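Sequence lines set the chain letters: A, B, ... in the order given, protein chains first and strands last, and positions in each chain run from 1. Keep in mind that what you see is a predicted model, and the values were worked out from it rather than measured.
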Amino acid sequence: MLYAVLCYNDESVTSAWSKEEEDRVMRDLTSVQRKYVEAGKLGPVARLLPTTAATTLRHAPGETIVIDGPFAETKEQLLGFYLIDCGSLDEALDFARDLSTANPSSGSYEIRPLALYKPGELPS
Amino acid sequence: MTDTAWIDLALVSARPQAMGALLRYFRNLDMAEEAFQEACIRALKTWPKSGPPRDPAAWLIFVGRNSGIDKVRRQARETVLPPEELLSDLEDRESELADRLDGSHYRDDILRLLFVCSNPALPATQQIALALRVVSGLSVRQIARAFLVSEAAMEQRITRAKARVAAAGIPFETPDAADRAERLAAVATMIYLVFNEGYSAMNGPEGVSADLCDEAIRLARLLLRLFPAEPEIMGLTALLLLQHSRARARFDAHGAIVLLEDQDRRLWNRGMITEALAMIDKAMRHRRPGPYQVQAAIAALHARAERPELTDWEQIDLLYQTLERLQPSPVVTLNRAVAVSKREGPEAALALVEPLGERLSGYFYYHGLRGGLLKQMGRAREARVAFDRAIALATNAAEAAYIRMQLDHLAAEPGRADLAEEKQ
């Protein structure tokens, strides 16, 4: 079974980290990851840019709205995620728009640029 | 991270919210500051035992408000302070308060706080000093160090600024849409000034004023969280990130200035650049260009060039022309001249620069750039005069040293340069 571990924290606190604090946290996290990398159990690791860099495409049958920031409805839950390599935000929005067209239900797609990506090495 | 380190961070990031609310309550900067200090002291005592509260800012506002009220009462008549346990056991009241303090309350409080500091009655340096003291909570010593003045002088400057703000009287009602737009622009300028103060005072790789740049970025991020759909605030944040991404490459090991085209681009902070580029992307989608977005776009073109010769000077020239339309200023034209010199050579750039002489005669970069262009054209004697003027106007040792290096170059090759000059 594959598990996704989604990291949540108070952004107002993490964005107040100094360079040293940031480096220390990243170093400690990497040393935790190492054990699982060596066991071949760690897949992709991604860090997202702050929510201020996010754009959301909201989809309701018959209309899509593009809005700034992550304004997800509280009754919605995170169901999955895609990683896509796009040249621009517009291209990423097109992709999200296509997804929303293919998906008959309403919902939203939050587009968050990545700050860090490590592919990992899970046996397929 | 240790408990106390977490508390420190929580206090730092809750400060603008808490100070904003306390200022609204007490309508007096000194009282709000004292109340916040008191609340922080109580937090340091209480949080390690009872765990962090659900909403640190709401906790601090509540405790700060109580301690301020106590103080007022105590001054009126001697009353006994409630025991510490009573003040610290705030579980229920805190959540009630946190519910009332939704995002829009915070937003108006912080905006009001920042606006108080960017009071137009104060000169820019006092606005910055006050904001750093009140909003960021930097110590007077830290601020004095960044401004390169004595602690006593800075103390006086801040006291004077506070007195002026108090005398001016501040309207405390919730700002309406028009007020908000005006305040937002004033506050953005103030954050930009804080950054510039740090950026230009930095005189070595270990420059203390890197703190000011970090603080300005933090404030810009805060403002963006409050106004997530404002393209100009995205532009401002992106601009600051891009400028700061080059901090490590701007000076060599001896503290001498390294020009953009000579910088080791591997030292640029890629994380900041990635974030800034994503933010500009997002801002552009709004199709509401403004000066910060354009400046950020210019900085982004430099950041995107892997090598200096790959810089898209044509696009930069066009963006400067846009900036000249949006925000005409001789300094903008001066900057455009650099792009023009790369595209069309020093003669064309000099033609653009010469008419600015009257308005920029007291500006270091004007004489520096003019000297550089004249030097490129082989007019050594005039270049030397321009560089001499620049040195006299330099605001820090690194600037002066850079110009001195240019003068040394001129002295080292007098034959060639003067020969060319004779051909004029």
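- The line from CG of Asp90(A) to CE of Met284(B) is 10.0 Å long, rounded to the nearest 0.5 Å.
- In terms of modelled atom types and a separation under 3.5 Å, the side chain of Asp281(B) and the main chain of Leu89(A) share a donor-acceptor contact.
- Applying the 6.0 Å contact sphere to CG of Asp264(B) captures more than 12 heavy atoms from other residues, nucleotides or ligands.
- Dense packing is recorded around CE of Met272(B), with more than 12 heavy atoms of other residues, nucleotides or ligands lying under 6.0 Å away.
- Neither the backbone nor the side chain of Asp10(A) comes within less than 4.5 Å of any heavy atom of chain B.
- Annotation for Glu91(A): atom CD counts as buried by contact number, over 12 foreign heavy atoms lying within 6.0 Å.
- Among all heavy-atom pairs drawn from Thr52(A) and Leu224(B), the shortest one is CB-CD2, 3.4 Å.
- The local environment of OH in Tyr117(A) is crowded, with over 12 non-hydrogen atoms from other residues, nucleotides or ligands closer than 6.0 Å.
- Looking at Leu93(A), only its side chain comes within 4.5 Å of chain B, counting heavy atoms on both sides.
- Heavy atoms of other residues, nucleotides or ligands lying less than 6.0 angstrom from CG of Leu6(A) number more than 12.
- The candidate with the highest count of non-hydrogen atom pairs below 4.5 Å against chain A, out of Met279(B), Arg225(B), Arg221(B), is Arg225(B).
- Using a 4.5 Å cut-off between heavy atoms, Met234(B) contacts chain A through its side chain alone, with no backbone atom that close.
- Within the 3.5 Å criterion, the main-chain N or O of Ala54(A) finds a donor-acceptor partner in the side chain of Lys282(B).
- Between chain B and the residues Pro113(A), Ser88(A), Pro50(A), the largest count of heavy-atom pairs under 4.5 Å involves Pro50(A).
- Heavy-atom neighbours of Arg270(B) CZ from other residues, nucleotides or ligands within 6.0 Å: above the threshold of 12.
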Could you go step by step and tell me if Glu230(B) and Asp68(A) meet the side-chain contact (heavy atoms from CB on, under 4.5 Å) rule?
CA-CA 9 Å; Glu230(B) 281 298 329; Asp68(A) 288 286; over 6 Å; no

